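Keep in mind that what you see is a predicted model, and the values were worked out from it rather than measured. Letters A, B, ... are given to chains in the order of the sequence lines, protein chains preceding strands, and every chain is numbered from 1. For the numbers below, each heavy atom of this structure counts, side chains included, while hydrogens, waters and symmetry mates do not.
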2 protein chains.
Amino acid sequence: MSKQLPLVATESQCCSPLTREPLSEDQSAELARVFKALGDPVRLRLLSLIASHAGGEACVCDLTDAFDLTGPTISHHLKVLREAGIIDGERRGTWIYYRVLPTTLQMLSSVLMTTA
Amino acid sequence: MSKQLPLVATESQCCSPLTREPLSEDQSAELARVFKALGDPVRLRLLSLIASHAGGEACVCDLTDAFDLTGPTISHHLKVLREAGIIDGERRGTWIYYRVLPTTLQMLSSVLMTTA
DNA sequence: CGTCTAGGTTGACAGACATCTATCTAGAGC
DNA sequence: GCTCTAGATAGATGTCTGTCAACCTAGACG
């Protein structure tokens, strides 16, 4: 459903810790896209609601009540997360269920890893 | 040097994996601030240049040549990273040396951790 | 003190972005 | 087919942000 290929498509082209060596312009552009998607409080809350929901997924109908925002705004935010490769959606009848794509989060997590 | 207290100030108020339970509005606002700071390619590259530099720190003079941007723009980006609690700076004579604050990156990394 | 380099701050500006209203699309039920 | 609900899309709008030119501050040196 996501138009853009997520970074996780191939492990080989991504991503050792950024503390190891300078990121290339391409790498930083791709990573920044994902971090930017997470750089909004509403989207972060949406993500955490989805991820922690029973069964590891949630339909939009489970999400909207938590926010004092209109449907189109929630849709827009979900779209940003989807296009960043962070979540994916699946239609079931009239409902759309979203789940987190764990590999993207894991990739981000490992990029941020420092020598402890 | 950072005006805002970074999230890492107390371990007790932050931050279990966001897949575990929904983030509060406060938590998401604070986290989004840090992710947003990382959500720019220039800032990501600056961060990786600093982190991977010999001795784990770099002066601004080591950084500026890697970008086709003016000094004020680099300063602005460094300020964003600093205020997000990601880097810290120290003046040594006419030079300012920046280093990464590893606890912030570690905190972000663990927030993004999923059950593998 | 004056002069220099390093690097930060201020303000303007074009483009990006979060939000809403209006509308459209997808699916279900009759 | 029509009607309904769920949820996405399009466009307008106010706000935010990356960038630069102009300027300021910090420190070193003579």
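The CD1 atom of I87(B) lies 10.5 Å from the CZ atom of R43(B); values are rounded to the nearest 0.5 Å.
For the OP1/OP2 pair of dA28(D) and a distance below 4.0 Å, the side-chain nitrogens and oxygens of T94(B) include no atom meeting the criterion. Here Y97(A) does not reach the OP1 or OP2 of dG7(D): none of its side-chain N or O atoms lies under 4.0 Å away. Note on H77(A): every side-chain N or O is 4.0 Å or more away from OP1 and OP2 of dC17(C). Checking the phosphate oxygens (OP1, OP2) of dC20(D), a side-chain nitrogen or oxygen of T70(B) falls inside 4.0 Å. Close to dA16(C), at under 4.0 Å from its OP1 or OP2, lies no side-chain N or O of K36(A). For T73(A) and dC20(C), the shortest distance from a side-chain N or O to OP1 or OP2 is below 4.0 Å.
Taking the side chain of R82(B) as heavy atoms from C-beta on, and the options dA8(D), dA18(C), dT9(C), the nearest nucleotide is dT9(C).
Among the heavy atoms of the strands lying under 4.0 Å from H76(B) is at least one base atom, whether or not backbone atoms are also near. Contact annotation for G93(B): backbone-only contact, meaning every heavy-atom pair under 4.0 Å involves sugar-phosphate atoms and none involves a base. If you check every strand for non-hydrogen atoms under 4.0 Å, L69(B) touches sugar and phosphate atoms only. Using a 4.0 Å heavy-atom criterion, one finds that R92(A) contacts no nucleic acid atom at all.
A salt bridge links R99(B) to D88(B): one of the charged nitrogens lies within less than 4.0 Å of a carboxylate oxygen.
No donor-acceptor pair under 3.5 Å is formed between the side chain of S28(B) and the backbone N or O of L23(B).
Using a 3.5 Å distance cut-off with no hydrogens or angles, the side chains of S109(A) and S109(B) do pair a donor with an acceptor.
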